[in-house]
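Okay, structure first, notes after.
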Amino acid sequence: MVGSTQTQVISADPRGVEQAAALLAKGALVAFPTETVYGLGADARDDTAVAGIFAAKNRPQFNPLIVHVRDLDHARSFAEFGDAADRLADAFWPGALTLVVPMKPGAGLSPLVSAGLPSVALRVPAHPVAQALLTAFDGPVAAPSANPSGRVSPTRADHVLDGLNGRIAAILDGGACDVGVESTIVGCTDTPTLLRPGGIPVEAIEACLGQPLARAAHEGPITAPGQLSSHYAPDAPLRLNADHAQPGELWLGFGHGCEGAALNLSPSGDLLQAAANLFHYLRQMDEMSGGKAGIAVAPIPETGLGLAINDRLRRAAAPRP
Ligand code: TXA
Ligand code: MG
């Protein structure tokens, strides 16, 4: 969707909601209101659509995104809910709370959504337009805030237009968002942990659980990197900017002139396609290597989505603890 001509502003009546859902189903990007901020939505099962979110926002890193679902039942089809997650979902969904929970095997979400992690951030928004869209679309919608990377989160359709006009297919205009700050994020993969303060007060969450929340080792949001790197590093050693494979290596190509590559992230040199394939191909290369061969990765340009791809490759290539 990047470079598309004009972003359509769609009014949030039943017809508009159907139109927005149809765009999502085609793999297009649609901004929509939640009670916290406007989200930039894409089908969370569609690798190319999710890669498009990072391109539209100009995000230099693949940090994990929040997956929006219409209700707890739908959420359970993607993840395991333990006692704490169950309790919090009961008390605060729909609402400004996001739960990070263990992903179910075969959940079918794009690995770009979770940045390759075994957990997923899920949220059931309360905003009637978000609810209507999720019901009409009938699938999981990945959505970070609908602003270019590094800019403040939008709480009105015209804020979204300011930042993303021409870069996304449409905005579902549902007026101003009430809460104005992002959802509170609680990690429920282990001891319940505050990952990001937000729209639901921490005190209310602690009262519901009857215990204080642990605090993340690194204060502030986990923007994927650093602490999480071990989860998405392949077992095989990675060598970057390799214009050919050496003996004992498998070559992961990019663009033309990569004859002999075991796989090619994008034979035509399309960074969106390369981003969509990245996690799948790293995994496949790892399987092909069977722990015996290293992986040599062709150079990826440091432009657009290439920044996020290279960031992730560098983390995967870094020495392991
Ligand atoms: O209010 C909100 O939460 C808005 C609306 C649109 O729902 N969304 C939002 O998304 O703020 P985003 O992408 O800006 O924030 C997602 C954050 C990531 O920065 C990361 O901190 C956390 O969610 N996150 C997502 N998945 C995670 C995971 N598997 N483990 C740990 N943190 C995760
Ligand atoms: Mg944001």
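Read the numbers this way: they start at 1 and go in the same order the structure lists the ligands and their atoms. Bear in mind that the values here come from a model prediction, so they are computed numbers and not experimental data.
- The option from Glu35, Arg123, Arg196, Lys57 that lies nearest to atom 5 (C) of ligand 1, judged by heavy atoms, is Arg123.
- Considering every non-hydrogen atom in both Ala56 and Leu29, the closest pair reads CB-CD1, 3.8 Å.
- Those atoms of ligand 1 that come under 4.0 Å of a heavy atom in Gly39, given as number and element, are 6 (C).
- Distances from ligand 1 to the non-hydrogen atoms of Ser114 include no value under 4.0 Å.
- Which parts of ligand 1 touch Leu117 is read off a 4.0 Å heavy-atom cut-off, strictly below it: atoms 28 (C), 29 (N), 30 (N).
- Counting non-hydrogen atoms of neighbouring residues, nucleotides and ligands closer than 6.0 angstrom, the NZ atom of Lys104 exceeds 12 such neighbours.
- At least one donor-acceptor pair under 3.5 Å links the side chain of Ser110 to the backbone N or O of Leu112.
- A donor-acceptor distance shorter than 3.5 angstrom exists from the side chain of Glu35 to the backbone of Ala126, with no hydrogens or angles considered.
- Under a 4.0 Å heavy-atom criterion, Arg59 is in contact with ligand 1.
- Comparing heavy-atom distances from atom 23 (O) of ligand 1 across Thr189, Ile185, Leu99 singles out Ile185 as nearest.
- Shown in contact with Ala143 at under 4.0 Å from a heavy atom are these atoms of ligand 1, numbered in order with element: 6 (C), 8 (N), 10 (O).
- Distance check for Ser145 against the Mg ion (ligand 2): an N/O/S atom falls below 2.8 Å.
- The ligand atoms of ligand 1 that sit less than 4.0 angstrom from a heavy atom of Pro64 are 16 (C), 18 (C), 24 (N), 25 (C), 26 (N), 27 (C), 33 (C).
- When Leu99, Leu88, Asp90 are each tested for a side chain to side chain contact (heavy atoms under 4.5 Å, CB included) with Phe81, only one passes: Leu99.
- Judged by distance alone, the side chain of Ser145 and the main-chain N or O of Asn147 form no donor-acceptor pair under 3.5 Å.
- The shortest N or O to N or O distance between His68 and ligand 1 is below 3.5 Å.
- In the vicinity of Thr36, heavy-atom distances shorter than 4.0 Å reach the ligand 1 atoms 1 (O), 2 (C), 5 (C).
- Hydrophobic clustering (ILVMFWY, side-chain heavy atoms < 4.5 Å, transitive): Val30 and Ile171 are in distinct clusters.
- Here's the thing with Ser183: one of its N/O atoms is less than 3.5 angstrom from an N/O atom of ligand 1.
- Heavy-atom contacts of Ser145 reach the following atoms of ligand 1: 9 (C), 10 (O), 14 (O) (cutoff under 4.0 Å).
- For Ser119, a nitrogen or oxygen atom sits less than 3.5 Å from a nitrogen or oxygen atom of ligand 1, counting backbone and side chain alike.
- Looking at Arg167, its side chain does come within 3.5 Å of a backbone N or O of Ala55 through a donor-acceptor pair.
- Using modelled atom types and a 3.5 Å distance limit, the side chains of Thr36 and Arg123 yield a donor-acceptor pair.
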